[in-house]
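Notes follow the structure.
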Amino acid sequence: MSHLPFSGVITALITPFNNEGNLDLPAFNDFLKYQKKSGVHGVVILGTTGENVALSEEESEQLVLSALDHQTDHFHIYVGTGTNSTQTTIIKSMKYAQMKSSTGQLAKGVMVVTPYYNRPSQNGLIKHYEEVAKSISDTPICIYNVPSRTGVNLLPQTLVQISLENKNIVAIKEAAGNVNAVAEMRIALNHVGKQNFKILSGDDATYVPALMCGAEGVISVTSNVIPKAMLDILDNFKKGDLSSVQKLHLAAFCINNGLFSVPNPIGVKWILSHLRICGTNLRAPLYPASDKEAEMLKGILFQLEKNNIKILT
């Protein structure tokens, strides 16, 4: 049975590059197979972790088409289409909502970040999402709220209005790292009968507290590395086994918090390179981990092993 769009554990997927700095599509496809086998419920292509702003349109198309070939009812492909221009976001969203793989697969939804740098008002955010939603009315949309990167914070009452006025906006990735915001959003949504609107944690360090405050899943960076632990946290939470949830949260905290001591995706790419999944190459102005950063990242892998957290499974 297929699961609902934007639910469960979803990986914010890296984009591998080869030594020449070009897309490494074989590594990308192999890693998608890893992710699919791990049991995660889907992946986001062209997100922050995928270095979307450093990709050409041709490269973006290649990645989406390749990813769609891996999609099943149980493993969903989502595409990041947000920009700081409403018109450009509409064009990209329409393009990737309509793009079909060789087997006729369409993306299960798009993720649209709040417009960055130009910092719209709350009313501007409402209008922005209304225009995007109208342009792809049959495609599920997940809002992406990440104030540390965008300079704008989508507030709970703004989310309520957006959810009430746009039936295909079905979820939010809340990445402020503030569990109070998650609780306030859940309370406000429930108050207007939007219990089915999904809140997904977008901050791995506060994934478990977010679940306690009303989140129903996660769009995760660390599930590139520890998908089983992130899945087990959610499964045990749903069963009400909070003792196991706490143990997993503490055992995985070394990566869920420590990985972001360096700008994302520098840390996750170094770890995956160390595990022979991809190279360390990033697109400038991001550069591979320094020797000091690499030592810290090695320490995370050592701690995960010590804490019996399985890697890449």
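- Rounding to the nearest 0.5 Å gives a distance of 8.5 Å between CG of N153 and CG of N178.
- A 4.5 Å side-chain heavy-atom check between I14 and C278 finds at least one atom pair inside the cut-off.
- Ionic pairing of E51 and K269 is present here: one or more N-O contacts between side-chain nitrogen and carboxylate oxygen are shorter than 4.0 angstrom.
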Distance-only donor-acceptor pairs under 3.5 Å for side chains of residues 300-309, two or more places apart:
unit_1, atom_1, unit_2, atom_2, d
Q303, NE2, N307, OD1, 3.1
N307, ND2, A251, O, 3.0
N307, ND2, Q303, O, 3.4

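- Listed for the R119 side chain is no donor-acceptor partner under 3.5 Å among the backbone atoms of V152.
- A distance-only check finds no donor-acceptor pair linking the side chain of T206 to the backbone of A210 [under 3.5 Å].
- Between the side chain of Y207 and the backbone N or O of M230 there is at least one donor-acceptor pair closer than 3.5 Å.
- The backbone N or O of N18 sits nowhere less than 3.5 Å from a side-chain atom of N22 that would complete a donor-acceptor pair.
- Note that CG of L63 is 5.0 Å distant from OG1 of T15, once rounded to the nearest 0.5 Å.
- A 6.0 Å sphere centred on CZ of F260 holds more than 12 heavy atoms belonging to other residues, nucleotides or ligands.
- K36 places a side-chain N or O within 3.5 Å of a backbone atom of H70 that can act as its donor or acceptor partner.
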Cut-off 3.5 Å, no hydrogens considered: what does the side-chain donor-acceptor table look like for residues 212-220, sequence neighbours left out?
unit_1, atom_1, unit_2, atom_2, d
E216, OE1, R186, NH1, 3.4
S220, OG, D204, OD1, 2.8
S220, OG, T222, N, 3.2
S220, OG, T222, OG1, 3.4
S220, OG, S223, N, 2.9
S220, OG, S223, OG, 3.4

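- In this structure, Y129 OH and T89 OG1 are separated by 8.5 Å, a value rounded to the nearest 0.5 Å.
- With N145 contributing its side chain and E174 its backbone, the two residues share no donor-acceptor pair below 3.5 Å.
- L65 approaches M99 most closely through the heavy-atom pair CD2-CG, 3.6 Å.
- Counting only residues at least two apart or on different chains, the side chain to side chain donor-acceptor pair (under 3.5 Å) pairs with a member in residues 158-168 are Q122-T158, Q161-E165.
- Annotation for K228: atom NZ does not count as buried by contact number, only 12 or fewer foreign heavy atoms lying within 6.0 Å.
- For the residue pair T11 / Q35, a side-chain donor-acceptor distance below 3.5 Å is found, with atom types taken as modelled.
- Of the residues listed (I90, T88, I91, V112), the one engaging T83 in a side-chain contact (heavy atoms from CB on, under 4.5 Å) is T88, and it is the only one.
- Residues satisfying the side chain to side chain contact (heavy atoms under 4.5 Å, CB included) criterion with K292, sequence neighbours excluded, are S290.
- Enclosure of atom CG in N190 by more than 12 non-hydrogen atoms of other residues, nucleotides or ligands within 6.0 angstrom is indicated.
- Under the salt bridge (Lys or Arg N to Asp or Glu O under 4.0 Å) criterion, no residue pair touches residues 238-262, with sequence neighbours excluded.
- Here the closest heavy-atom approach between residue P115 and residue P120 is recorded as O-CD, 3.7 Å.
- Between K127 and E130, no side-chain nitrogen of the basic residue sits less than 4.0 Å from a carboxylate oxygen of the acidic one, so the salt-bridge criterion is not met.
- The nearest pair of heavy atoms linking F237 to L242 is CD1-CD2, 3.9 Å.
- With sequence neighbours excluded, no residue satisfies side-chain hydrogen bond (donor to acceptor under 3.5 Å, both in side chains) with S137.
- Shown here is E58, whose CD atom has no more than 12 heavy atoms of other residues, nucleotides or ligands within 6.0 Å.
- Counting only distance, with no hydrogens or angles, the side chain of Y78 and the backbone of A12 share no donor-acceptor pair below 3.5 Å.
- A donor-acceptor pair is defined here as one N or O able to donate and one able to accept, closer than 3.5 Å; no such pair exists between the side chain of N256 and the backbone of A205.
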